[in-house]
There are 2 protein chains.
Amino acid sequence: MKKKAKINDTPVCQVRMQAISDTMSILSGKWKFHILGTLIEGSKLGFMDLMREIDGIGSKMLSKELQDLEMNHLVSRTVLDTKPITVEYAITEYGATLAPLINELAKWGIQYRQSVHG
Amino acid sequence: MKKKAKINDTPVCQVRMQAISDTMSILSGKWKFHILGTLIEGSKLGFMDLMREIDGIGSKMLSKELQDLEMNHLVSRTVLDTKPITVEYAITEYGATLAPLINELAKWGIQYRQSVHG
DNA sequence: CTAGGTAGTTTCCTACAGGAAAATACTTCC
DNA sequence: GGAAGTATTTTCCTGTAGGAAACTACCTAG
């Protein structure tokens, strides 16, 4: 009676598990959701704007996380030819598809607080 | 003209950001979603069952992650008085409220693969 | 009495995440 | 000429997440 019986061994489960890993990998780290959330709220923000909006983040992390997000086409980076050079960060159309997911996260978190508190 | 102008300084944003941090904190780590997903699929699994289902996890991590999830009332742990002692892990009613969130994660990840692949 | 199954805990190690602070480079205001 | 603003990069350091492997402990079937 050898046990192998894998619930997760069905193709559909494998695909879902992989998809969840992909998503979490893309959105990994302490700051990605903050950055994305901020850019969804106020489209078109400069680097220093983001520093001011996102409480506690350092320039190194912001820079790195923005690069990650840009690589995954969730955020766009546009260098403007202004007097002092300015960079404009914005959510892409594709990045905006994360809104329902972010809403679910927020919804669950809020409900969690209520269930703990009340 | 000092810039402070915080988009994120509204109470509603603060609450949402905090809620997202809470959620991500509770579901942090490499394995939580795998464990939760597995327990949602096949309710009532033993420790060794979970080891077999979750490819690559070690006993230390499984044990620790299950403790975390139990502490947050997402998973229940029941010791059964069987011949060789057996422990039964299951999703709680509360843990099941994560299903929509997990679905969003999977949905987005699947869509991501498609958009990358073409 | 030994092999194998149950459910973990403990120890040791490494790699990476992330923070603080300084450096870079260029421009404009006064 | 110096302060202040733009946008990073670089360096150095620390804590923790997580993996491998061994160990505990108890039970049962052969």
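All chains are named by letter (A, B, ...) in the order of the sequence lines, taking the proteins before the strands, and each is independently numbered beginning at 1.
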Task: Distance, rounded to the nearest Å, where Arg52(A) contributes CZ and dT8(D) contributes C1' - done: 14 Å
Open item on the list: Between C1' on dG18(C) and CE on Met51(A), what's the gap in Å once rounded to a whole number?
Closed with: 14 Å
Open item on the list: Do Leu80(B) and Phe47(B) land in one hydrophobic cluster if side-chain heavy atoms of ILVMFWY residues count as linked below 4.5 Å?
Closed with: no
Task: Side-chain donor-acceptor pair present, Tyr112(B), Asn72(A), cut-off under 3.5 Å - done: yes
Open item on the list: Tell me the closest heavy-atom pair linking Phe33(B) and Ile102(B), and the distance in Å.
Closed with: CD2-CG1, 4.0 Å
Task: Members of residues 54-67 of chain B that approach DNA chain D, where some heavy atom sits under 4.0 Å away - done: Lys60(B), Met61(B)
TODO: Quick one: list whatever passes side chain to side chain contact (heavy atoms under 4.5 Å, CB included) with Thr10(B), sequence neighbours left out.
DONE: Val12(B), Cys13(B)
Open item on the list: Contact between Ser63(B) and Gln67(B) at the side-chain level, heavy atoms closer than 4.5 Å - yes or no?
Closed with: yes
TODO: Enumerate the residues from residues 69-88 of chain B whose closest heavy atom to DNA chain C is under 4.0 Å, giving them by residue number; use none for an empty result.
DONE: Arg77(B), Ile85(B), Thr86(B), Val87(B)
Open item on the list: So Leu105(A) and Glu104(B), do their side chains get closer than 4.5 Å, heavy atoms only?
Closed with: no
Open item on the list: Is the shortest side-chain heavy-atom distance between Arg113(A) and Asp22(B) below 4.5 Å?
Closed with: yes
TODO: Decide whether Leu27(B) and Ile54(B) are clustered together by the hydrophobic rule: side chain heavy atoms of Ile, Leu, Val, Met, Phe, Trp, Tyr closer than 4.5 Å, transitively.
DONE: yes
Open item on the list: With a 4.5 Å cut-off on side-chain heavy atoms, are His34(B) and Ser21(A) touching?
Closed with: yes
- [ ] Give the cluster check for Met71(B) versus Tyr94(B): same hydrophobic cluster or not, with ILVMFWY residues linked at side-chain heavy-atom distances below 4.5 Å.
- [x] no
TODO: Determine, using the 4.5 Å side-chain heavy-atom cutoff (strictly less than), whether Met17(A) and Ile57(B) are members of one ILVMFWY cluster.
DONE: no
Task: Side-chain N or O of Tyr89(B) closer than 4.0 Å to phosphate OP1/OP2 of dT6(C) - done: no
Task: Atom-to-atom span, CG of Asp68(A) to P of dC16(C) - whole angstrom - done: 14 Å
- [ ] Report, as yes or no, whether the 6.0 Å neighbourhood of atom CG on Asn103(B) holds more than 12 heavy atoms from other residues, nucleotides or ligands.
- [x] yes
Task: Residues touching DNA chain D, which here means a heavy atom under 4.0 Å, drawn from residues 39-48 of chain A - done: Gly46(A), Phe47(A), Met48(A)
Open item on the list: Heavy atoms within less than 4.0 Å of DNA chain D: which residues of residues 17-35 of chain A have one? Give them sorted by number.
Closed with: none
Open item on the list: Which residues end up grouped with Val15(A) if you chain together Ile, Leu, Val, Met, Phe, Trp and Tyr wherever their side-chain heavy atoms are less than 4.5 Å apart?
Closed with: Ile110(B)
